[in-house]
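We count residues from 1, following the sequence as given.
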Amino acid sequence: MNTIVDVARLAQVSIKTVSRVINDRDSVRESTRERVQRAIRQLDYHPHQGARLMRGQDSGIIGLITGAIDSMGKLLDDQGLSAVQILRGAQQACHQAGKTLMIANAAKSGRDFGQLLRLFAAHSVEGIIYATDRHQQVAFPSPDIIPTVLANCFDAVGTPSVVPDDYQGQQIATEMLLDQGHHHLVMVGLQEEVVATQLRRRAFFDACRDFGLHQDHVSYQTGAASGHPDGTFGPLPSVLRTLLESRTPPSAILFGNDIMTMRGMSLLRNAGVLIPDDISIVGFDNDIRLCENLHPRLTTVGLPYVEIGRRAVAMLLDEEQAGNRTSIERVRCELVLRDSSRPPDSIAPSSTHAPVA
């Protein structure tokens with residue numbers, strides 16, 4: 001005998017939506033209602049009293065799974081506080097919608113996803129958000145009958161997702177430097193396996209090509225490596241040393257994130273490079289803890305983590321969107337201009353720099 005769960009799966013909606021159709025609630029879109037009714041007829045489903053008793057029993061709870069709690073109180077690392085900002089945005093959106101956000105910590109050595117999902121199901125959550133600390137592909141076991149949205153990540157089966165537009169972010173940063181008159185650009189990226197690295201590298205080269213910049217004046221270097229004996233940014237000193245010793249040092253460098261930028265600026269300053277007089281510098285993330293306290297203050301690209309959290313909640317609360325397992329939303333990044341970048345001087349910068357330590 002078919003159940004309400006079978007109807008929800010066939011119609012690609014939540015159990016709650018099926019219950020609303022059964023109880024002839026006005027809050028269901030006509031297209032969704034027709035899809036549910038078609039599934040009911042196809043399965044020859046006859047609702048019992050239990051299905052009708054679900055009328056109006058919205059829990060008002062949104063579940064969120066994240067590793068952000070583990071990152072709180074720890075030293076600054078190469079990931080920043082992205083998941084914390086996503087959590088903040090989700091909390092704001094839930095408050096505005098009159099919902100309660102129930103947060104579960106996905107510690108690497110802690111409870112597994114199955115246990116967390118059972119916990120959420122026991123509290124009759126209206127939907128689940130899974131938020132990661134970086135833009136990546138995941139294999140999250142999202143339950144078929146509970147609407148799920150991925151935040152800052154995506155999967156191979158098309159679960160609704162909200163991710164940053166890393167390509168657009170790198171594009172606007174590169175175009176800004178080109179518009180300022182920089183004609184010798186270097187991008188120093190994060191680890192090659194990072195999804196954001198691949199998108200930003202492509203955007204960097206596309207922007208330079210579209211501008212007509214000669215390929216000899218465009219360079220990409222990798223300044224980070226997982227498992228490096230000197231830490232994540234172990235390759236950075238050698239990369240910068242090579243750039244400064246070249247016949248034509250860059251007039252501008254775009255770094256993979258603000259933490260790498262902070263370390264790069266220190267190495268450049270120790271080598272006698274004046275920022276932005278000799279070389280303009282642009283970061284990525286807009287980590288306020290760093291950007292406003294570096295000297296000079298850092299020009300960077302802001303990743304829209306708070307907005308990703310807000311949009312994930314909005315996508316969950318949109319019944320039509322939540323049932324669409326092919327939807328993905330890319331949230332635009334913002335260029336934040338500060339003091340570390342400026343148009344290059346007409347006189348080329350001095351090439352007599354001290355070695356990078």
Side-chain angles (χ1 to χ4, degrees), residues 78 80 82 134-137 152 163-226 232-233 235-236 238-244 246 248-265 267-268 273 275-276 278-287 291 298-304 330-338 340-344 349:
D78 60 331
S82 52
R134 60 185 173 87
H135 189 176
Q136 60 186 294
Q137 183 169 340
N152 205 29
V163 299
D165 195 338
D166 282 285
Y167 181 96
Q168 173 264 339
Q170 193 67 63
Q171 181 182 45
I172 59 175
T174 306
E175 290 176 346
M176 178 272 293
L177 291 172
L178 293 169
D179 289 340
Q180 285 186 343
H182 291 276
H183 292 156
H184 188 185
L185 303 185
V186 172
M187 179 178 175
V188 181
L190 298 171
Q191 301 94 311
E192 289 298 325
E193 68 270 18
V194 174
V195 170
T197 297
Q198 301 162 22
L199 294 168
R200 296 176 193 173
R201 178 175 181 169
R202 180 161 57 88
F204 170 70
F205 281 116
D206 286 351
C208 291
R209 184 199 63 231
D210 293 345
F211 193 83
L213 201 61
H214 194 280
Q215 62 181 7
D216 292 342
H217 293 165
V218 179
S219 174
Y220 180 91
Q221 305 292 330
T222 300
S226 301
T232 301
F233 301 121
L236 191 57
S238 176
V239 167
L240 295 180
R241 186 184 307 116
T242 300
L243 291 176
L244 294 183
S246 65
T248 54
S251 64
I253 300 177
L254 302 99
F255 286 98
N257 67 16
D258 292 340
I259 301 174
M260 176 194 280
T261 308
M262 175 183 68
R263 301 186 184 188
M265 288 175 66
L267 292 168
L268 292 170
V273 174
I275 302 170
D278 293 339
I279 300 178
S280 284
I281 299 296
V282 178
F284 213 110
D285 276 359
N286 195 29
D287 190 327
C291 298
L298 181 61
T299 293
T300 188
V301 177
L303 279 165
R330 292 177 176 83
V331 184
R332 292 178 62 84
C333 302
E334 177 186 5
L335 180 64
V336 183
L337 293 172
R338 295 191 180 94
S340 66
S341 62
R342 72 170 198 185

Side chain of [X], backbone of [Y]: donor and acceptor closer than 3.5 Å?
X	Y	answer
Ser340	Thr299	yes
His182	Arg342	yes
Arg338	Leu298	yes
His135	Asp166	no
Asn257	Phe284	no

Could you report the tightest heavy-atom contact between [X] and [Y], atom names first, then the distance?
X	Y	answer
Pro164	Pro304	CB-CD, 4.0 Å
Gln136	Val195	CA-CG2, 3.9 Å
Ile281	Met265	CG2-CG, 4.1 Å
Pro235	Thr222	CB-O, 4.0 Å
Phe255	Leu236	CE2-CD1, 4.0 Å
Asn286	Gly302	CB-CA, 3.4 Å

Axial cation check for Phe233 ring with Arg263, 6.0 Å and 45° limits: no
Taking side chain as C-beta onward, heavy atoms only, is [X] less than 4.5 Å from [Y]?
X	Y	value
Asp287	Thr300	no
Ile253	Leu240	yes
Val336	Cys291	no
Leu185	His217	no

What pairs with [X] under side chain to side chain contact (heavy atoms under 4.5 Å, CB included), at least two apart in sequence or on another chain?
X	value
Arg332	Gln168
Ser226	Gln191, Glu193
Arg202	Tyr167, Leu199, Asp206

Give every donor-acceptor pair under 3.5 Å between a side-chain atom in residues 171-179 and any protein atom, sequence neighbours left out.
residue : atom : partner : partner atom : Å
Thr174  : OG1  : Gln170  : O            : 2.9

Set of side-chain hydrogen bond (donor to acceptor under 3.5 Å, both in side chains) partners for Ser219, sequence neighbours left out: Gln221
Distance (rounded to the nearest 0.5 Å) between Cys333 SG and Asp165 CG: 6.0 Å
Spatial distance of atom OG (Ser82) from atom CG (Asn152) [nearest 0.5 Å]: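 These two atoms lie 5.5 Å from each other.
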Pairs flagged by ring pair (Phe, Tyr, Trp, His ring centres under 6.0 Å) wherever residues 185-209 is involved - sequence neighbours left out: none
Worked verdict on Ile279 versus Leu244 for side chain to side chain contact (heavy atoms under 4.5 Å, CB included): CA-CA 10 Å; Ile279 300 178; Leu244 294 183; 4.0 Å; yes
